[in-house]
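Have a look at the structure below, then the notes.
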Amino acid sequence: MSAWLAVLVHTPAHASLGPVLTYRHREVLPAGTLVRVPLGARETLGVVWDPADDEASGEIDPSKVRDVSEVLDTVGPLAGAWQQLVRFAARYYQRSAGEVALAALPPQLRELSSLQLQRKALRLHKALGLQPAAGKTSHTKTPPPENAGPARAEVQSKALSAEQTEALAQMVAHSGPFLLFGATGSGKTEVYLQAVEQLLAREPQAQALVMVPEINLTPQLEARFMERFAPQWGPQAVVSLHSGMTPAQRLSAWLAAHQGGARIVLGTRMAVFASMPGLRLIVVDEEHDPSYKSGEGARYSARDLAVYRGRLEGVKVVLGSATPSLESWFHSRPVAQGGRYLRLHMPSRIGAVGRSLPLVRRVDMTHQARNAVVSLPLLEAIKERIARGEQCLVFLNRRGYAPVLHCSDCGWKSACGHCSAFRVFHKSDRTLRCHHCGHSERVPRTCPGCGNPDVLTLGRGTEQIEELLTALLADVRRPGTQSPEQPEGEPVRIGRIDADTTRLKGALQSQLAAVHAGEVDVLVGTQMIAKGHDFRRITLVAAINPDSALFSSDFRAPERLFSLLLQAAGRAGRDAAMGAHSEVWVQTFQPAHPVYAALKNYDYPSFARSQLQEREQAGMPPFSYQALVRADARSQEAAQAFLNAARKRAGSDMAHWPGWAQVLEQVMLYPAVPMSMQRVANVERAQMLVESASRHALQRFLAAWQEVLHTSRGDPACKGLIRWAIDVDPLSI
Ligand code: ADP
Ligand code: ZN
Ligand code: ZN
């Protein structure tokens with residue numbers, strides 16, 4: 001007596017095997033059950049799958065069918081909705097379902113035996129005060145244990161503002177998805193908290209998923225959710241899921257969500273795949289943030305998958321932002337014009353009196369000294385802040401000391417030998433480092449080209465700004481610090497936070513803590529510090545050189561810049577007592593540029609309107625749908641030849657497939673071009689844009705074209721091709 005099972009596994013990329021393989025077991029197992037199965041010489045984690053999904057199986061040779069090695073039945077099966085989410089993500093982003101499913105599961109599931117898992121699950125249940133799971137039944141169907149209900153402690157929630165009340169009421173009255181368009185400091189997080197509270201009050205077994213773009217932002221959010229929910233629901237009710245956790249922590253959190261014990265899952269983009277049988281609410285905070293798009297494997301957008309998942313499971317989805325993505329903004333136009341999301345507007349900062357948004361000042365750098373880095377008026381404004389005991393945040397999107405070294409005698413520049421990029425000069429450890437391939441060497445004493453001892457720096461990074469401000473503020477003393485030992489008062493304290501200062505584990509947290517504790521007067525950093533952090537004493541935010549983004553060839557660059565500056569502005573004046581005179585300074589050579597003009601008025605809607613008009617005229621997203629095929633090869637010619645061969649075949653071979661002429665007519669393939677970063681670590685990169693006014697046509701085309709790409713691989717001109725990948729709805733072009 002034995003049964004054949006379809007099992008989803010992660011087969012190697014470009015293998016001839018499909019992701020759904022057949023195995024033998026002594027009994028039928030429900031779809032979603034986790035199993036360990038042999039695959040070639042090794043053993044791998046798999047998920048029992050719907051046999052109907054196996055398109056490529058064909059004839060099965062019974063003598064080749066192998067046995068399931070182990071059933072991980074201490075972990076209940078993954079729900080049908082989870083399976084469907086994986087299936088959809090794989091299809092939409094043109095990857096194998098096995099890859100998506102296995103990447104979505106905690107890595108430790110691959111390693112622990114059923115017994116080890118059982119122990120772990122048992123410990124978790126004890127901690128949650130639950131009964132052990134009953135055998136193999138799915139948790140979706142298991143009635144909730146009696147003692148899992150709320151304890152009696154009272155939760156202290158804030159009295160909502162009128163705008164918050166209205167937003168919450170709308171969220172109750174409608175099914176969504178919602179776009180919560182709220183100024184920074186308008187109390188969006190408070191709305192999320194109370195939406196979850198209301199949900200749990202109604203349905204104690206419900207679960208909420210709250211996503212944030214970056215790991216750095218999870219501790220603060222976790223603290224806020226803990227503070228609110230731990231008193232009533234216990235500390236186990238809130239779990240996090242992100243890549244900064246240890247494998248053991250990730251497994252515990254995942255199990256807590258899967259078994260229904262965790263009420264609230266906070267996480268980064270990977271959390272969109274969390275198994276949550278009681279899921280009722282999904283929040284995507286800072287929904288515009290590019291970090292929601294995965295940059296490897298299946299290049300999924302967690303925000304878009306959240307919306308899909310919401311619809312699939314009949315769950316409310318709230319996307320929140322002060323500067324929504326133009327896609328989401330467009331989707332939230334009035335229903336009469338075809339809108340699909342309900343827009344909820346919270347324009348005012350909480351405690352509006354004295355807490356209006358910071359004043360935006362543009363410094364026209366054409367009127368400043370030719371080589372000025374920090375303009376005089378900005379320097380004066382910083383000194384004023386210091387005199388008042390307030391903090392300043394100065395940001396520049398470039399780390400290191402100088403992006404390029406050069407020799408004015410022979411023209412030598414610090415180009416990376418492996419990439420089409422320059423090596424960045426880092427003064428602190430006297431290295432030249434490539435930020436793309438990581439190659440690092442000691443900075444040369446003399447010009448490698450001609451021996452000139454006078455090698456110069458070009459441009460500036462955060463290290464240099466820190467050094468410069470230290471010099472410019474050397475004579476300034478902090479107020480109220482004159483003591484008998486230091487009658488002159490203490491010098492200004494300048495801190496820096498960027499990827500270089502935060503390399504060590506815990507470094508970022510301790511540096512942020514120092515800022516919060518008031519141990520830093522001026523904080524210099526990259527965009528890392530511009531996002532999300534709730535700094536209380538910062539009353540001045542300065543962007544040293546934001547113009548560079550205006551010259552980018554990427555059509556999303558203005559949108560990004562606007563949102564970054566507005567986010568940064570949101571760091572200023574978060575404390576009511578100091579909000580009154582908060583300012584945002586923008587040093588620019590183009591003060592009249594529409595991005596800055598819109599920023600000055602905090603007028604996202606008109607900025608979005610003009611951007612959308614441009615996009616519509618140019619036929620760009622959201623008025624069209626795009627995919628990029630990227631190819632890596634030993635030579636640029638091979639990379640492009642591969643893409644162009646696949647393009648040509650689309651025009652020739654595919655055009656003869658019955659019924660395909662119509663699809664092809666709707667899809668535009670552009671010629672292959674080198675990527676803007678053409679060479680990284682000695683690998684040449686090229687890309688091809690595929691565009692269509694119809695998402696459906698694009699999807700159909702891509703799915704069928706995969707086969708053509710595989711075939712093109714074999715062309716003699718493509719010798720040296722390393723890999724290729726499709727990026728659907730790419731964020732940078
Ligand atoms: P956002 O997420 O929109 O930036 P937050 O939710 O973080 O805004 O709110 C900004 C600040 O205002 C926080 O310190 C928060 O505790 C406080 N806050 C939010 N809502 C209220 C309210 N209804 N009453 C009093 N304070 C509030
Ligand atoms: Zn030289
Ligand atoms: Zn390099």
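Numbers here are sequence positions counted from 1.
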Ignoring hydrogens and geometry beyond distance, is a side-chain donor-acceptor pair present between [X] and [Y] at under 3.5 Å?
X      : Y      : result
Gln636 : Gln640 : yes
Thr462 : Asp498 : yes
Tyr93  : Glu99  : no
Arg423 : Ser414 : no
Asp289 : Ser291 : yes
Glu286 : Gln567 : yes
Tyr92  : Arg695 : yes
Ser732 : Arg556 : no
Ser606 : Asp603 : yes
Thr431 : His426 : no
Gln678 : Glu684 : yes
Ser548 : Arg398 : no

Would you say that [X] contacts [Y] through its side chain, given a criterion of any heavy-atom pair below 4.5 Å between the two side chains?
X      : Y      : answer
Tyr602 : Val360 : yes
Val373 : Ile544 : yes
Ile497 : Val524 : no
Leu393 : Ile529 : yes
Pro558 : Leu550 : no
Leu241 : Thr268 : no
Val455 : Trp412 : yes
Trp724 : Leu709 : yes

Side-chain donor or acceptor of [X] paired with backbone N/O of [Y] under 3.5 Å:
X      : Y      : result
Glu559 : Leu326 : yes
Asp364 : Thr366 : yes
Arg309 : Val272 : yes
His593 : Val595 : yes
Arg269 : Ala302 : no
Ser420 : Arg679 : yes
Ser328 : Pro324 : no
Asn644 : Ala672 : yes
Arg362 : Trp585 : no
Tyr292 : Met211 : yes

For [Y], is there an ion pair with [X] - N to carboxylate O distance below 4.0 angstrom?
X      : Y      : answer
Lys427 : Glu463 : no
Asp429 : Arg433 : yes
Glu707 : Arg649 : no
Arg399 : Asp500 : yes
Asp285 : Arg303 : no

> Could you go step by step and tell me if Tyr625 and Glu691 meet the side-chain hydrogen bond (donor to acceptor under 3.5 Å, both in side chains) rule?
Replying inline: CA-CA 6 Å; Tyr625 300 92; Glu691 209 173 62; over 6 Å; no
How far does [atom1] of [X] sit from [atom2] of [Y], to the nearest 0.5 angstrom?
X      : Y      : atom1 : atom2 : value
Thr588 : Tyr596 : OG1   : OH    : 4.0 Å
Leu564 : Leu599 : CG    : CG    : 10.0 Å
Ser96  : Leu8   : OG    : CG    : 7.0 Å
Gln94  : Leu702 : CD    : CG    : 4.5 Å
Leu628 : Ile733 : CG    : CD1   : 5.0 Å
Glu637 : Lys719 : CD    : NZ    : 13.5 Å

>> Applying salt bridge (Lys or Arg N to Asp or Glu O under 4.0 Å) to Asp729 and Arg299, what does each step give before you reach the verdict?
In response: CA-CA 9 Å; Asp729 303 333; Arg299 289 172 161 80; over 6 Å; no
>> Quick check with a 6.0 Å cut-off and a 45 degree axis cone: is Arg700 positioned over the face of Trp660's six-membered ring?
In response: yes
> Is NZ or CZ of Arg647 both nearer than 6.0 Å to the six-membered ring centre of Trp705 and within 45° of the ring axis?
Replying inline: no
> Stepwise, does the side chain to side chain contact (heavy atoms under 4.5 Å, CB included) test hold for Met654 with Leu664?
Replying inline: CA-CA 8 Å; Met654 284 174 83; Leu664 290 170; 4.0 Å; yes
> More than 12 foreign heavy atoms under 6.0 Å from CD of Gln662: is that the case here?
Replying inline: no
>> Working note: Cys718 + Arg713, criterion side chain to side chain contact (heavy atoms under 4.5 Å, CB included); need CA distance, chi angles, decisive distance, verdict.
In response: CA-CA 6 Å; Cys718 307; Arg713 225 194 141 99; over 6 Å; no
> What's the shortest heavy-atom distance between Thr184 and Leu566, and which atoms?
Replying inline: CG2-O, 4.2 Å
> Any idea which heavy atoms bring Pro671 and Met688 closest together, and the distance?
Replying inline: C-CE, 4.2 Å
> Passes side chain to side chain contact (heavy atoms under 4.5 Å, CB included), Cys410 versus Cys447? Steps please.
Replying inline: CA-CA 9 Å; Cys410 73; Cys447 169; 3.6 Å; yes
> How are the rings of His418 and His439 set to each other: parallel, tilted or perpendicular (split at 30° and 60°)?
Replying inline: tilted
> Using 30° and 60° as the class limits, which term best fits the ring planes of Tyr308 and Phe88: parallel, tilted or perpendicular?
Replying inline: parallel
> Given the rule in the ring-ring contact (aromatic ring centres under 6.0 Å, His included) test, do Tyr300 and Phe273 qualify, once you have shown the distances and angles that lead to the verdict?
Replying inline: CA-CA 11 Å; Tyr300 64 88; Phe273 288 108; 5.1 Å; yes
> Run the salt bridge (Lys or Arg N to Asp or Glu O under 4.0 Å) check on Arg723 and Asp632 step by step: do they pass?
Replying inline: CA-CA 5 Å; Arg723 62 182 93 80; Asp632 290 356; 2.5 Å; yes
>> side chain to side chain contact (heavy atoms under 4.5 Å, CB included), that's the test. Do Arg615 and Phe555 meet it? Break it down for me.
In response: CA-CA 9 Å; Arg615 300 254 187 114; Phe555 70 88; 3.4 Å; yes
